[in-house]
Number of protein chains: 2
Amino acid sequence: MSQPSAPRRTPGRPPRISREEIIRTARRIVDEEGVAKLTMRRLASEVGSTPMALYHHVRDKEELLVLLLDDYATRTLRRPELPADPRERAVAAATAIHEALAACPWIVEVLTADDLMSTSALWFVEQIVDGLAEAGLSPERAVHGYRAIWYYTAGEIVVRTTAARRRTDDDRATYREQVFAGLDADELPRLAQVADRWAPLTATDTYQDGLRALVHGLLAARPA
Amino acid sequence: MSQPSAPRRTPGRPPRISREEIIRTARRIVDEEGVAKLTMRRLASEVGSTPMALYHHVRDKEELLVLLLDDYATRTLRRPELPADPRERAVAAATAIHEALAACPWIVEVLTADDLMSTSALWFVEQIVDGLAEAGLSPERAVHGYRAIWYYTAGEIVVRTTAARRRTDDDRATYREQVFAGLDADELPRLAQVADRWAPLTATDTYQDGLRALVHGLLAARPA
DNA sequence: ACCTGAACACCGTTCAAGT
DNA sequence: ACCTGAACACCGTTCAAGT
């Protein structure tokens, strides 16, 4: 998908811009100014061309974003040394994916990818499925386990990065504080109990804890 | 937030449109044609007014969407009978939230909400936190447990609804098939093993399984 | 106080034509 | 084969003015 098209025997006009150049430029815009600034028009002018020239190299903006994610994954996902213990291997592989995504918040817009973020991430998926299988799950259950881990991971990224986006304009944060300050302790006693600690509690990074709990639960034999 | 503003002693011109009417109309557009069709201009014309009149009743489009989610939650989240067993109570409350969200896929665009979708959902959050606490977690761990459940739930909704969106234009699906068909069985043996079953495996609804695994893992005493 | 009209500063994409 | 220009059909939001 992201590999440059093989150089053909140029039967027509020589290309002025390449898909690679488009992606490289798009990456720069996103890194420097955020994904919201990436428009076909802006990208075209940055690349020294016209909006319509881009459509000769990518089908539409959606494809461009997927290409960008693929490019990002290929460049940044380095395969780490994984623990021998299968359960720990699954945890480590999921954590590696999570870290790569967390470092790149614009990804949320594209995180729409259903099963896996990119073919470059397949190796990590393999490690998770294999870890779960070696730890005792059937192949089917291992795949379902992987999916649960992916839901949890994608959800953490989406919720956290959009919460961070909200925090910038802080009206909403203070609104939330008001809600928690005015909780009816009779109707919602547990929430009232933790109301004053809600902000720090929810700011804590508990990805690892939740991941370990999930993996633990997936591996525990439970009655269907 | 969503309650109609108290009728003041009209010192100026009488309002022609109300916030309530705006939200009601927005809801109709979203239900009938999807959230993508909800634009300020379209909404204004549907309500028999001008785009700018809307800005007198809502701050911007973002606020409108949050209002819409709040409205949806208030109207559809009915408190179910919950099981007495604390663990089952947490599972049932999470499932209720999940069902409400799953029935309303446009929500993904707004699911950006950080901790909770709406104040109307607070009761459900209470049930989850309380279930976890009564099952043995400290208040802090119960809140963190709730967050893990929320990540998992939000992630499932986001991934599933965007996957469904992709399935309509099926280029991407067939691309994915190609990738799985051409897997190197030496490098990625587990994935190769399940390659031909990947589509049905990932289409299965396993929200409940994953949720139960997660809750199980959260409640299992584990070494830090 | 509430609403209107006109404008600003944009979008993604299609179509027909050029080289 | 690749690129351009002009156009289509939109956006959210601001500003100044009207009633």
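Sequence lines set the chain letters: A, B, ... in the order given, protein chains first and strands last, and positions in each chain run from 1. As a basis for the values below, the full set of heavy atoms in this structure was taken, side chains included, without hydrogen atoms, waters or symmetry mates.
- Of the candidate nucleotides C:dA6, C:dC3, D:dG12, D:dG12 has the atom lying nearest to any side-chain atom of B:Y55.
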Exercise for the section: Begin from the C-alpha positions of B:Y207 and B:Y152 and carry the test ring-ring contact (aromatic ring centres under 6.0 Å, His included) through to its verdict. Expected result: CA-CA 9 Å; B:Y207 174 77; B:Y152 172 71; 5.3 Å; yes
Practice task
Kindly determine whether B:R28 and B:E33 satisfy salt bridge (charged side-chain N to carboxylate O under 4.0 Å, His left out), including the steps that lead there.
Solution key: CA-CA 8 Å; B:R28 219 200 52 236; B:E33 307 186 46; over 6 Å; no
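- When the side-chain nitrogen and oxygen atoms of A:T50 are compared with OP1 and OP2 of D:dC3, none of them lie within a distance under 4.0 Å.
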Problem - Verdict with reasoning, B:R79 to A:E187, per salt bridge (charged side-chain N to carboxylate O under 4.0 Å, His left out) - result: CA-CA 13 Å; B:R79 304 183 180 185; A:E187 230 218 327; 2.9 Å; yes
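- Here D:dC11 presents its P atom at 9 Å from NZ of B:K61, a figure rounded to the nearest Å.
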Handout entry: Pairing string, 5' to 3', for DNA chain C - Watson-Crick or wobble contacts under 3.5 Å, brackets [ ] where pairs cross, | to another strand
Key = ||.|||||...|||||.||
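- Rounded to an integer number of Å, the gap from CZ of B:R19 to C1' of C:dC2 is 15 Å.
- Under 4.0 angstrom from either OP1 or OP2 of D:dT4 there lies at least one side-chain N or O belonging to A:S49.
- Comparing the same atom, P, in C:dA9 and in D:dC10 gives a spacing of 22 Å after rounding to whole Å.
- Here the nucleotide nearest the side chain of A:I17, chosen from D:dC3, C:dC3, C:dC11, is D:dC3.
- When the nearest nucleotides of DNA chain D are assigned to A:R41 and A:H57 by heavy-atom distance, the more 5′-ward of the two goes with A:H57.
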